J.: 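The following block contains the structure, expressed as structure tokens.
Remember, predicted model here, so these are calculated numbers, not experimental data. Basis for what follows: all heavy atoms, side chains included, without hydrogens, waters or symmetry-related copies. Ligands are counted one by one from 1 in listed order, and the atoms in each one are counted from 1 as well.
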Amino acid sequence: MSAVLVVHGGAWAIPDKLAKASVDGVKAAAHEGFLVLKRGGNALDAVEAAVRAMEDNNVFNAGHGATLNTDGEVELDAIIMDGRTLDCGAVSSAKNVANPVSLARAVMEKTSHIMLTDRGANLFAESIGVVRVPTETLVSEYERTEWEKHKNYVTGVNEDFNCQWAHDTVGAVAVDCDGNVACATSTGGIRNKMVGRVGDSPVIGSGGYADNFSGAVSCTGHGESILKVTLARLILSHIEQGKSVSEASQVSLQHMGDRVRGAGGAIVVSPSGQWAATFTTERMAWAAVEQDVLWFGLDPNERVKEQLSQ
Ligand code: GLY
């Protein structure tokens, strides 16, 4: 079978001034992740590479470019999951780490636990030699300016999610040539969140889930809403009941809107290589690569095709 990789750069009301950089960023990340698959790498390596690319790009709210909490600190959440074994690793409220997705993978591979939080996540990072980066290097000029402007959480949330409920999250899902799926999600959370607030992203079944029997999902959007409906698992249970990846994403996001007035987005891939990128916010930058074809979009129903060079 042929491998597929899909990425998102967050579902929210992306302003025009960030539109091109967001689209360029997801295209580059999808390319990066797909190269791993093309060279025979597995789905887990591919999603980690794609998410790292977006964590290193300060147009996105993850790693560099992350949002600030009420105290002006960066607290990072991330998850990674292997659909072959259901092994999973996550970190929440991690500080001074450039690539939380790789720290999450280390939690999965080097500890007996699934999630490490706050001081524990940082102590673990230090113990395995992860380089500590100064907070200032993670904060973009855009974020500093926006944070100064919006000192109030609710106002910021309403504006950024377009009156449904901010600068949100990155993620990747992939299926490799052996039919193994994986997901990864990483975020700085929501601007002006309380110190210690943890959103959906690092929570298994909410911000992401991967199971070779049904598929892999990475979610984005208003974390408290996603947590209430356990969005990633909800999408996969619709797939298990026979819905296509696209229908399953649509009904689940619709349910989140109807039930808790939450908006967001999701990328999904099935073990057979079906994929979808769906959102109920104003915009979501996404890109997908299958068989050397790159698909991408930003606005609702936008789906642009580009042939990748062999
Ligand atoms: N979806 C990211 C968050 O709410 O933290």
Side-chain angles (χ1 to χ4, degrees), residues 7-14 22 51 54-55 60-63 65-70 73-81 90-95 97 100-101 104 115 117-118 121 138 143 146-147 150 153-162 164-173 183-209 217-235 249 252-253 256-257 260-268 277-286:
V7 305
H8 69 75
W12 61 294
I14 301 167
S22 300
V51 166
M54 292 184 281
E55 288 175 338
F60 299 118
N61 172 16
T67 51
L68 296 166
N69 67 15
T70 46
E73 296 168 331
V74 173
E75 291 187 315
L76 302 166
D77 299 340
I79 192 168
I80 191 163
M81 186 163 183
V91 290
S92 62
S93 298
K95 296 192 184 76
V97 176
V101 71
M115 191 194 291
T117 192
D118 196 24
L138 296 175
E143 177 55 23
E146 290 295 306
W147 183 77
H150 303 276
Y153 176 76
V154 174
T155 307
V157 165
N158 283 342
E159 282 174 11
D160 287 342
F161 285 112
N162 193 23
Q164 297 157 62
W165 278 105
H167 194 171
D168 199 75
T169 315
V170 304
V173 293
C183 72
T185 307
S186 179
T187 190
I190 293 181
R191 182 175 305 123
N192 284 315
K193 62 186 182 181
M194 286 175 71
V195 175
R197 176 265 189 189
V198 177
D200 60 295
S201 303
V203 178
I204 188 167
S206 287
Y209 200 83
V217 181
S218 169
C219 297
T220 161
H222 181 234
E224 282 70 12
S225 301
I226 295 172
L227 282 161
K228 285 176 186 169
V229 302
T230 55
L231 186 60
R233 261 310 303 165
L234 180 63
I235 292 172
S249 309
S252 303
L253 284 163
M256 187 168 85
V260 296
R261 291 185 56 241
I267 49 172
V268 188
T278 312
F279 53 98
T280 51
T281 47
E282 203 174 302
R283 285 174 156 172
M284 179 175 87
W286 63 269

J.: Please check if the side chain of Asn61 supplies one atom and the backbone of Gly188 the other of a donor-acceptor pair under 3.5 Å.
T.: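 Present.
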
J.: Just verifying a value: how many Å separate Met194 CE and Thr70 OG1, rounded to the nearest 0.5 Å?
T.: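 Met194 atom CE to Thr70 atom OG1 measures 7.5 Å (nearest 0.5 Å).
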
J.: Taking heavy atoms and a distance under 4.0 Å, where does Arg197 meet ligand 1: side chain, backbone, both or neither?
T.: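 Only the side chain of Arg197 comes within reach of ligand 1.
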
J.: Just which atoms of ligand 1 are under 4.0 Å from any heavy atom in Gly189?
T.: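 Selected atoms, number and element: 5 (O).
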
J.: Using a 4.0 Å cutoff against the non-hydrogen atoms of Thr169, which atoms of ligand 1 qualify?
T.: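 Listed by number with element: 1 (N), 2 (C).
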
J.: Between Thr185, Asp77, Ile226, which is the residue that forms a side-chain contact (heavy atoms from CB on, under 4.5 Å) with Thr169?
T.: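 Running side-chain contact (heavy atoms from CB on, under 4.5 Å) over Thr185, Asp77, Ile226 with Thr169 returns exactly one hit, Thr185.
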
J.: Could you tell me which atoms of ligand 1, counted from 1 in the order shown, lie closer than 4.0 angstrom to a heavy atom of Ile190?
T.: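 Result: 4 (O).
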
J.: Any sub-3.5 Å donor-acceptor pair from Trp12's side-chain atoms to His222's backbone N or O?
T.: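 Flag not set: sc Trp12 to bb His222 has no pair under 3.5 Å.
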
J.: Any chance you could lay out the salt bridge (charged side-chain N to carboxylate O under 4.0 Å, His left out) test for Glu224 and Lys193, step after step, and finish with the verdict?
T.: CA-CA 11 Å; Glu224 282 70 12; Lys193 62 186 182 181; over 6 Å; no

J.: Can you check whether Asp168 has an N/O within less than 3.5 Å of an N/O in ligand 1?
T.: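 Yes; the residue has a nitrogen or oxygen that sits under 3.5 Å from a nitrogen or oxygen of the ligand.
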
J.: Could you give the distance from CG (Asp200) to OG (Ser225), rounded to the nearest 0.5 Å?
T.: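 Result: 9.0 Å between the selected atoms.
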
J.: Do ligand 1 and Asp200 have nitrogen or oxygen atoms that lie under 3.5 Å from each other?
T.: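 The answer is yes, given that Asp200 and ligand 1 share an N or O pair closer than 3.5 Å.
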
J.: Where does Asp77 meet ligand 1, judged by heavy-atom distances below 4.0 Å: at the side chain, the backbone, both, or neither?
T.: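 Neither; nothing of Asp77 gets under 4.0 Å from ligand 1.
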
